[in-house]
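What follows is one structure encoded as structure tokens, with my remarks underneath.
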Amino acid sequence: EKGTYPFYMLKEIDEQPLVTRKIIQAYQDINGELTIDSDITKAVSEADRLYIIACGTSYHSGLVGKQLLEHIAKVPVEVHVASEFVYNMPLLSKNPLFIFISQSGETADSRAVLVKVKELGYKTLTVTNVAGSTLSREADYTLLLHAGPEIAVASTKAYTAQIAVLAILADVTAKVNGIERNFDLVHELGIVANAMEVLCDSKEEFEKMASEYLSDTRNCFFIGRALDYYVCLEGALKLKEISYIQAEGFAGGELKHGTIALIEEGTPVVALATQNDVNWNIRGNAKEVLARGANVCTISMKGLETEEDRFVIPEVNELLTPLISVVPLQLLAYYAALHRGCDVDKPRNLAKSVTVE
Ligand code: F6R
């Protein structure tokens, strides 16, 4: 039930702090330690490479998941769009594990890959929100998101839930393999949940930003580097699918290799700056578009902020920033769509689960 909310999407954005806390609990043992079925961590540890297969928003969470699994668990990961992978398979490693990320667990493109790699005899793990879904039943192993039903077509809480669960998978795999971690993930995810709450309480600010930057624009660019780049892809997808504003996410350094030609006087460019190592670089990229007339909206993280930034998100562990930097982008998309009179929960031409290839 959406209760007092005008749209499910807003309700589901607001549920993210709670879902994050629920996930922590769901994956804790009686001693409060994060835990995952040992068959799964064994399968991850034994694989020489993980292949994450997904579509749309789930693909975007997979990109973040790759960074988490590589940084924390030290396993090499490739991330592929399901519809491409199935007919255009790369050379596989000797002992791969396939990880399917799917909110619904019913996406036909992802299932086509699952069927194919099972035929080839490979092990499979599905990360899904729906227990008993097709992808969950057909894979060797399942991890559940515990996000509760997601009704709005535009995925929000499933995206953050996917990242949180992949972080836990990375952390527990590292622990099992005796790889040292320099943070306590339960504690860090708790900080994330609190930060999400702060952002959900700043809705008025994001509504103002949406009208300032997006009220009568035809297009919008999102730029970021490293993890911020992946979040930019997701922010752009959210904006285009519900507001019909043409939106693209770019790696900050890539813009000058062509796309910068599209920047005109007043073109909105949302720049994410939450990554210490590339903070200087992304700010340079923001200056490049500013000099060409762009209406730059920089969203940075506490500790990395400068005076020109439009919004500063609370500080969280640098590997977990996508869990919170996506929230302003979800809300910007929501308010941009709302102001344009769009049906936020049911955008045109889209279905919640895409069961055709
Ligand atoms: C975007 C969106 C879609 C889905 C995609 C995969 O907001 O919801 O891009 O992420 O269709 O769906 P699942 O995760 O159910 O496989």
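Every number for a ligand or one of its atoms is a count from 1 in the order of the listing.
- When all heavy atoms are compared, the tightest approach of Thr160 to Leu323 is O-CD2, 3.2 Å.
- With sequence neighbours left out, Glu12 forms a side-chain hydrogen bond (donor to acceptor under 3.5 Å, both in side chains) with no residue at all.
- Annotation: Ser155 places an N or O atom under 3.5 Å from an N or O atom of ligand 1; distance criterion only.
- Ring geometry for Phe85 versus Phe98: interplanar angle over 60°, hence perpendicular rather than tilted (30 to 60°).
- Using a 4.0 Å cutoff on heavy atoms, Ala154 counts as a contact of ligand 1.
- Residue contacts with ligand 1: Cys55 is included, with a non-hydrogen atom under 4.0 Å away.
- Counting protein heavy atoms only, atom 12 (O) of ligand 1 is closest to Thr107 OG1, 3.5 Å.
- Within the structure, ligand 1 has Lys238 among the residues with a heavy atom less than 4.0 angstrom away.
- Contact record, Val153 with Pro347: CB-CD, 3.7 Å, taken as the closest heavy-atom pair.
- Comment: Lys11 engages Glu15 in a salt bridge, judged by a side-chain N to carboxylate O separation of less than 4.0 angstrom.
- Taking only non-hydrogen atoms, the option from Gly56, Ser133, Ser58 nearest to atom 14 (O) of ligand 1 is Ser58.
- Among protein heavy atoms, atom 15 (O) of ligand 1 sits closest to Ser104 OG, 2.7 Å.
- Distance from atom 11 (O) of ligand 1 to its nearest protein heavy atom, with residue and atom name: Val354 CG2, 4.1 Å.
- Glu204 and Lys208 are not joined by a salt bridge, as no carboxylate oxygen comes within less than 4.0 angstrom of a charged side-chain nitrogen.
- Residue-level proximity to ligand 1 for Glu241 is carried by the side chain, the only part with a heavy atom below 4.0 angstrom.
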Solution key, residues 327-342 side-chain donor-acceptor pairs under 3.5 Å, sequence neighbours excluded:
| unit_1 | atom_1 | unit_2 | atom_2 | d |
| --- | --- | --- | --- | --- |
| Gln330 | OE1 | Gln16 | NE2 | 2.8 |
| Gln330 | NE2 | Gln16 | OE1 | 3.2 |
| His339 | ND1 | Tyr335 | O | 3.3 |
| His339 | NE2 | Glu207 | OE2 | 3.4 |
| Arg340 | NH2 | Leu214 | O | 2.8 |
| Arg340 | NH2 | Ser215 | O | 3.2 |
| Arg340 | NH2 | Thr217 | O | 2.8 |

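- Across all their heavy atoms, Ser136 and Thr128 have their closest contact at CB-CG2, 3.9 Å.
- At a 3.5 angstrom cut-off on N or O pairs, Lys352 does not count as close to ligand 1.
- For atom 4 (C) of ligand 1, the closest non-hydrogen atom on the protein side is Thr57 N, 4.0 Å.
- Close contacts of ligand 1 with Ser102, meaning ligand atoms under 4.0 Å from a residue heavy atom, involve 13 (P), 14 (O), 15 (O), 16 (O).
- Against a heavy-atom cut-off of under 4.0 Å, Val153 is close to the following atoms of ligand 1: 7 (O), 8 (O).
- Taking 4.0 Å as the cut-off between side-chain N and carboxylate O, Arg225 and Asp277 do not count as a salt-bridged pair.
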